[in-house]
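Note sheet for the following structure.
Reminder, nothing fancy here: chain letters follow the sequence lines and each chain counts from 1. Computed over heavy atoms, backbone and side chain alike; hydrogens, waters and symmetry mates excluded.
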2 protein chains.
Amino acid sequence: MRQAYGQFCPVALASEVLAERWTFLVVRELLAGARRFNEIRRGVPRLSATLLKQRLQRLEAEGIVERGRSSRRSAAGYELTSAGVALKPVIAAVGEWGQRWARDIEAKDLDPGWLVWAMHRRLNTAVMPPGRTVIEIEFVDAPASTRQFWLVHSGGAVDVCIKDPGYEPDVRVATPLRLWAEIWRGLRPLKAAMRSGAVRLDGRADLRRDFPGWLMLSVFAPVGRLR
Amino acid sequence: MRQAYGQFCPVALASEVLAERWTFLVVRELLAGARRFNEIRRGVPRLSATLLKQRLQRLEAEGIVERGRSSRRSAAGYELTSAGVALKPVIAAVGEWGQRWARDIEAKDLDPGWLVWAMHRRLNTAVMPPGRTVIEIEFVDAPASTRQFWLVHSGGAVDVCIKDPGYEPDVRVATPLRLWAEIWRGLRPLKAAMRSGAVRLDGRADLRRDFPGWLMLSVFAPVGRLR
DNA sequence: CGGTATCCCCCGCGATACTG
DNA sequence: CAGTATCGCGGGGGATACCG
């Protein structure tokens, strides 16, 4: 509570909690459906366990988050309360502003693992083939350790692998990292990048054709950049 | 730029700037029409000059604020750019959430000077009498130094005085501080408080009758509290 | 998996005084 | 009025190792 601003304006009272470092990102993860501690961490990889715990405790104290019911303590996930769900328009407004007006991205923002993690939540599994589908992503200009990822869809669930899962990929995507980030953000059309050869697809012709329809892109991709 | 979160999600990019301590309050002041350095300070009294300058510089670097044109440097005010004006929905969303869901106010949040400063921007001067009107506010339970204030309206402009301006008040208001804060926030109706005698009005009968119509209350007063 | 515990550094920020 | 300069501290938080 050291963040007290000494005024009872609703913007000030809300900021005491919300405008702490990392908090918007934690709330974003919870709104996106994350429930487990480490699930949140994967969406906010640079946030340490200690600090995440602190933020979650603060959010719990403020009535924004509550622990799920479970006999075992560590099996209890984190859930948004009504007050937490009510933050959806706040995050939406912040994200829309960010998409329109925030600074351009730099090399240090381009975390391949995070990008793939974001993708795995935005695959339109309803239109994907039944059975198992494996998508391999290769960032052609990334160092070996973050060069390849696999998205494994099966029965509506999508897993992210950082090692070859052993199954033959149905579709392989090879792309420069920054270009893929720009496509993800809605700043460039995927199809043009495929036509120009900057993004290369490999796999059966029908799957290559359908692949763009599986990708829902970033939630904020439809928001036009104005900066 | 130490606030970098290492991801290019628009929520993260926006948070780097916006989720710094004090920043929302500075932006709130600018959106409310503040232009001069010390005008902003009056709306955020606990923010030091040094830190305010830092925040304004950051906002300028991010393209949210720009200096007005003027020959003399210090005559140049601060203005919101298009990117800055676009923060209006963000502040609105934060404030609405705060009004509905933020913690209850405590004694430390009840700054009488700030409350009067907020009031001075929300007087409906269009419906006030022509010529000069002086409103005296007395917080009956406040210490002597923050007990009395005067709002002086003249020709559409409203000044706040912390000393007796010398003019005879047209309306005198005597109220407990917390009660007035709750009325201001829209949590209690002014008229009921007047009827019960908790808020006492003094002055000519017609002015006493009209006085409630002069007060526009907090921007967020119409938002219903849910907590 | 879901945390704790500890150590330590750095820098954010408050306070105070001074200036064009 | 609109800052700048300086100093000093507190604690936020990064790194690392450990635990139920």
When the distance from CG of B:L51 to P of C:dC11 is rounded to whole Å, what number comes out? 16 Å
Euclidean distance, atom CH2 of residue A:W22 to atom P of D:dG12 [Å, nearest integer]: 16 Å
Euclidean distance, atom CD of residue A:E20 to atom P of C:dG12 [Å, nearest integer]: 16 Å
Quick check on B:I162: does its CD1 atom have over 12 non-hydrogen neighbours (other residues, nucleotides or ligands) under 6.0 Å away? no
State whether A:F8 and B:R185 meet the cation-pi test: NZ (Lys) or CZ (Arg) under 6.0 Å from the six-membered ring centroid, and within 45° of the perpendicular axis. no
D:dG14 phosphate, OP1 or OP2: any side-chain N/O from A:R46 under 4.0 angstrom? no
Looking at A:Y78, does any N or O in its side chain come under 4.0 Å of the phosphate oxygens OP1/OP2 on C:dG3? yes
What nucleic acid atoms does A:R55 come within less than 4.0 Å of, heavy atoms only: base, sugar-phosphate, or nothing? sugar-phosphate
Nearest whole Å is fine: how far is D:dA2 P from B:I40 CD1? 9 Å
Would you mind reading off the distance between A:K53 atom NZ and C:dA5 atom C1', rounded to a whole angstrom? 15 Å
Let me know the distance between CZ of A:R41 and P of C:dG3, rounded to the nearest Å. 11 Å
Spacing of B:L52 atom CG relative to D:dA2 atom C1', expressed in whole Å: 10 Å
Below 3.5 Å, does any donor atom in the side chain of A:T50 face an acceptor in the base of C:dA5, or the other way round? yes
Looking at C:dG14, I'd like to know if its phosphate oxygens (OP1 or OP2) sit under 4.0 Å from a side-chain N or O belonging to B:R21. yes
Taking D:dG14, C:dG14, C:dG3 as options, the one with an atom nearest any side-chain atom of A:F37 is C:dG3
Would you please test A:W97 and A:R100 for side-chain contact (heavy atoms from CB on, under 4.5 Å) and show each step? CA-CA 5 Å; A:W97 185 89; A:R100 286 193 212 284; 5.9 Å; no
To the nearest angstrom, the CD-C1' distance between A:Q54 and C:dT4 comes to 12 Å
Regarding A:R67 and A:Y78, is there a side-chain donor-to-acceptor distance under 3.5 Å anywhere? yes
Can you see if the side chain of A:R35 gets near the phosphate of C:dG2 - specifically, an N or O under 4.0 Å from OP1 or OP2? no
Could you walk me through whether A:W22 and B:Y5 satisfy the ring-ring contact (aromatic ring centres under 6.0 Å, His included) test, starting with their C-alpha distance in whole Å, then the side-chain angles of each, then the deciding distance to 0.1 Å, before giving a yes or no? CA-CA 8 Å; A:W22 297 110; B:Y5 290 112; 4.7 Å; yes
